[in-house]
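Structure, as structure tokens:
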2 protein chains.
Amino acid sequence: MSVQIDALDRKILIALQEDASRSLEEIAKHVGSSKTPVWSRIRKMKEAGVIGQQTVLLDADALGLEACFFVLIRTSEHEAEWQNKFLKTLRERAEVMEAHRLAGDIDYILKVRVANARAYDEFYQALISEVRIYNVTALLSMEEIKSTPLLPLASVPS
Amino acid sequence: MSVQIDALDRKILIALQEDASRSLEEIAKHVGSSKTPVWSRIRKMKEAGVIGQQTVLLDADALGLEACFFVLIRTSEHEAEWQNKFLKTLRERAEVMEAHRLAGDIDYILKVRVANARAYDEFYQALISEVRIYNVTALLSMEEIKSTPLLPLASVPS
DNA sequence: AGTGAAACAGTTTTGCT
DNA sequence: AGCAAAACTGTTTCACT
């Protein structure tokens, strides 16, 4: 399952992340190789799951999703059943763009994208009605300084 | 600059977010239209900046980026010059995948992706040597429950 | 503004080195 | 493995409705 990624693979991944609409030929030239080897490496990395979904980044504000909250959650419950229900809810809710289980006294952090504060409150009410939560702090984003799905591949020496 | 997005546009955006590798014909069929209108709507939304970068999602763990931190920052400085330098640093650093200015007593939140705790510490040392920061709390992610750049478009009624 | 076809470009396969 | 050509699929443009 785990592929060994070499320097050329990494160059290809960097190029694809930057702009997945470029042609094979352009990418090959950019990474200093040619079509066939680049093509077979991309295919292998897709099969191995290193390369996942191909997508386009959209302008959230232009689409009316103008509010972004980071939600810090503490819970007193740690049974498997509670956790399964909680995780299922997070995965199902499209407003939840990030959800992480944390080390330390805060148990979970979420990033939630919604149209406005009212829509956040609806999400929040739905969440706490589904699972018992001990303490919630919502941090409202005033300004998105940066938001990118692009991994910092240049900083991995390997 | 701002385009009016109608129901068909939104369907196209949802389809593109889900899988930008599909052919125009597949997308047209999926949204109940045909090639030319879908093509011209996509072109217009690209020109308007509603549709941005086309990219591929990669597996961070497989690429050796195994650590993810959320960083809560309080600062005592609020002059323009300090802020410009701070924002510039965040935008330049590829490890910083999210950076938001917040309302409330925490001033900023960052999401930082790095290879390991040592790499995080290097980032942290570099950050505080460049700009004065009053208080920093780093939350370590133990488990990425969800992480998606896909906007919850279905939940915007407009 | 949508349809259908023509022209063009890119991807994917294959056989050769 | 890498290269070059062939076959195929998808994109982009255009004339017509």
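The structure displayed is predicted, hence computed values, not measured ones. Per chain, numbering begins at 1; letters A, B, ... match sequence-line order.
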Value in whole Å for how far the P atom of C:dA1 lies from CD of B:Q4:
14 Å
With the side chain counted from C-beta on, respond yes when A:M45 and A:L13 share a heavy-atom pair under 4.5 Å apart, and no when they do not.
yes
Where do B:S21 and B:D19 come nearest, in terms of heavy atoms and distance?
OG-OD1, 2.7 Å
Could you work out the complete set of other residues in the hydrophobic cluster of B:L110, with links drawn between I, L, V, M, F, W and Y side chains under 4.5 Å apart?
A:I145, B:F69, B:V71, B:I73, B:W82, B:F86, B:L87, B:L90, B:V96, B:Y108, B:V112, B:V114, B:Y120, B:F123, B:Y124, B:L127, B:I128, B:V131, B:I133, B:V136, B:L140, B:M142
Does atom CD of B:Q125 have more than 12 heavy-atom neighbours from other groups under 6.0 Å away?
yes
If you define the side chain from C-beta out and look only at heavy atoms, does anything of A:P152 sit under 4.5 Å from B:R113?
yes
Could you tell me whether A:E81 and A:K85 make a salt bridge, using a distance below 4.0 angstrom between a side-chain N and a carboxylate O?
no
Base, sugar-phosphate or nothing for A:P37? Non-hydrogen atoms, less than 4.0 Å.
sugar-phosphate
Rounded to the nearest 0.5 Å, the CD atom of A:Q17 sits from the CD atom of B:Q53 at a distance of 9.0 Å
Per-nt protein contacts along nucleotides 5-17 of chain C (heavy atom under 4.0 Å; B base, S backbone sugar-phosphate only, - none) come out as -----SBBS----
When you compare the side chains of B:S147 and A:E98, does any donor N or O come within less than 3.5 Å of an acceptor on the partner?
yes
What is the 5' to 3' range of DNA chain D, first to last nucleotide, that sits under 4.0 Å from any heavy atom of chain A?
D:dG2 to D:dA4
